[in-house]
Amino acid sequence: MNKPVLELKNVNKSFGPIDVLHDITLQVKAGEVLCLLGDNGAGKSTLIKTLAGVHKPTSGEMLMDGEPVSFARPKDAADRGIATVHQFGGTFPLMSIGRSFFVGVEPTKGFGPFKVFDKKTANEVAVKAVQEFGITRITDGDRLIGGLSGGERQSLAIARALHFGARVLILDEPTAALGVKQASHVLRVVMEAKKRGVAVIFITHQVTHAMAVGDHFAVLIRGALAANFMKGEKSREEITDLMAGGEALADLDAHLEDNTGQGAAAATVS
Amino acid sequence: MDLIANLLRRPAAASILSLIGVLVFYVVFGGVELGKLANAASWLNYAARIGIVALPVGLLMISGEIDISIGAMIPAGAMTTAIISGYYDLPIIFGIIGALTIGVLVGLFNGILAVRTTVPTLIITLGTLVAMQGVVLAGSKLLTGAASVPLTAPAWAKTLFGDFIFGGSHQVIIIWWVILAVIFWFVMHMSKFGNWIFAIGGDKVSARNAGIPVDRITILLFVLTSTAASFVGMCHAILFNSAQVSGGMNDIFNIIVSVVVGGVLLTGGFGSIAGVFIGTLTFAIVNKGIDFTAIDRNWANLIIGVMLLIAVAMNESFRKMALSYAPKPKK
């Protein structure tokens, strides 16, 4: 339906002699949620750090709206509209919602040396932005970030990114540390972001969460793209298998089925 | 009730309670007449001396760093002024510029090391502290042959930096302290730079990603702390018509205690100028106000130690209150 916002073409990344990413080709479109799945150490973090401008690809191309781009530092990626929200969301626990929302882009009023931080506007905008995402429990911009629940922090961080014009939203395991209810809040916020036409890259190893919001799935195994498929093309079990090492686990399953009885016990151990 | 709760959540809460606590303690157990204490200059003079340095140190600590080289910078500022304008008899303006320049240089040195290396700033400034003590002592001996240098300042310099006001024994640096406190309050709580400093103290990496010039701000804060210290030294040299090499070591801890009692979190990200100001007042009253009590002066340090621990404990619990604060849902 539309052109990809962000595209990777044959991207490789190595740190010295160690190859971390191997020939990654991926694309994400506006209004689409790309779920990036993979076990620990599969290269997910390196991939998102490459997207966010922390690392430079060793070889390969990165395209935004079809044009090649190269980021020297995270700020460059942020300026192009790529925003990363980390696992713990709000990063300034002892700052108020209004203040932390506008770090680096503070609204001011007044003239010359007497420009004052416009706390009222900051608080109002921040509260409104997060309420638009359905988090209605946040009503006071003076509250400290550290006092919010994990889900609220994530939602606030996502709202902040979108408020400042993010076009590609990278969510690094946003639901990993959350309870069921909190996680569902965050998933709802992700859906809202998608509805607004943002390209979302959702990193997780919880298949259920991925299935709930994803349009497009990519599985990383040892730095390489093991699978790349659209919603509905694979079942939940197949995805789990893929993430956990694919064939190896499938083999194990088959092996276990041969000697049933003991199979069930062995499966619980594994 | 709401008003009290609101007040307690502010970073300055513990310092206000400490101040009240100390006053009550002195009145009840020391038989202090509050009127006499209020009129006395000794504690206010002392508060101004450590307060002028405590303000930038407070900012620096909110940004997550610390500077202990200030201890050496107070005598360094005093000696520079006295050597240039006393021993070499150059116009006082050169002494003033010299003192401030040495503050800026040492601050730049600290700041640049702090952003270029990963060495904790406690260690970096410990190094500059000891090094500057050496420079001041050896430099003074080398240039003047003495560790104490007399200085005669002209009237205008006296009036500005080293005179008594209100016709009594209050020093003019009290006014400097109050003015600086207002300026620092404005910068910290009203301007966007304050927000940047809080963000740097909260999370340096995120602050940098948000586009804040973290390195430049850090260097600037180090320049401010060490220049404030040399400024205080300069004022004292002008006031007392002389400067000595010794002194300054106590100031380090007194200044840091004032800042911590004032509710600044040692690990950064939390604090306020009002807190630092009141913390300094409290510290000065404990330290100098004890002379107005029936309590033996030798107990002063015990009181300071206990007050520090109580204040820190209060800070801790008030911060928890601030964190867990949520407005009651409107029905």
Side-chain angles (χ1 to χ4, degrees), chain A residues 49 52-54 71 73-79 82-86 88-110 112-119 122-123 127 136-149 152 157 160-161 164, chain B residues 2 5-6 9-11 61-64 182-183 185-215 217 263-272 315-316 318-331:
Chain A
K49 280 183 180 161
V54 179
F71 305 130
R73 57 205 172 104
K75 184 80 177 19
D76 294 346
D79 288 343
I82 300 179
T84 313
V85 172
H86 295 284
F88 297 102
T91 43
F92 308 115
L94 290 164
M95 285 176 85
S96 73
I97 292 172
R99 278 183 173 271
S100 68
F101 197 86
F102 285 98
V103 160
V105 281
E106 290 81 1
T108 52
K109 56 183 179 188
F114 299 106
K115 274 207 184 94
V116 296
F117 176 74
D118 190 351
K119 185 175 133 187
N123 284 358
V127 168
T136 46
R137 281 183 54 211
I138 295 179
T139 52
D140 183 349
D142 275 333
R143 274 179 72 181
L144 300 186
I145 298 288
L148 303 180
S149 73
E152 286 169 341
R160 179 180 193 271
F164 291 108
Chain B
D2 256 13
N6 265 328
R9 277 193 303 272
R10 299 199 156 268
M61 279 167 67
I62 291 174
S63 86
V182 172
I183 295 173
W185 170 81
F186 182 84
V187 169
M188 199 60 203
H189 299 290
M190 300 305 282
S191 81
K192 63 178 180 183
F193 302 107
N195 217 33
W196 293 4
I197 294 172
F198 278 116
I200 294 172
D203 180 348
K204 213 162 264 186
V205 176
S206 300
R208 192 171 282 132
N209 288 348
I212 293 172
V214 175
D215 290 356
I217 299 267
V264 174
L265 190 59
L266 260 175
T267 46
F270 198 67
S272 72
N315 282 331
E316 194 86 347
F318 292 156
R319 196 159 47 242
K320 278 203 192 104
M321 275 176 65
L323 275 177
S324 59
Y325 156 75
K328 293 184 191 83
K330 290 189 189 84
K331 288 182 182 145

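Heavy-atom basis, side chains included; hydrogens, waters and symmetry copies ignored.
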Q) Taking all non-hydrogen atoms of both residues, which atom of His189(B) and which atom of Arg99(A) are closest, and how far apart? A) O-NH2, 3.0 Å
Q.
Using 0.5 Å steps for rounding, measure from the OG1 atom of Thr267(B) to the CG atom of Leu94(A).
A. 8.0 Å
Q. If you count heavy-atom pairs under 4.5 Å with chain A, which of Pro213(B), Ala199(B), Ser191(B) comes out on top?
A. Ala199(B)
**Q.** Approximate separation, where rounding is to 0.5 Å, of Phe117(A) CZ and Asn195(B) CG
**A.** 4.5 Å
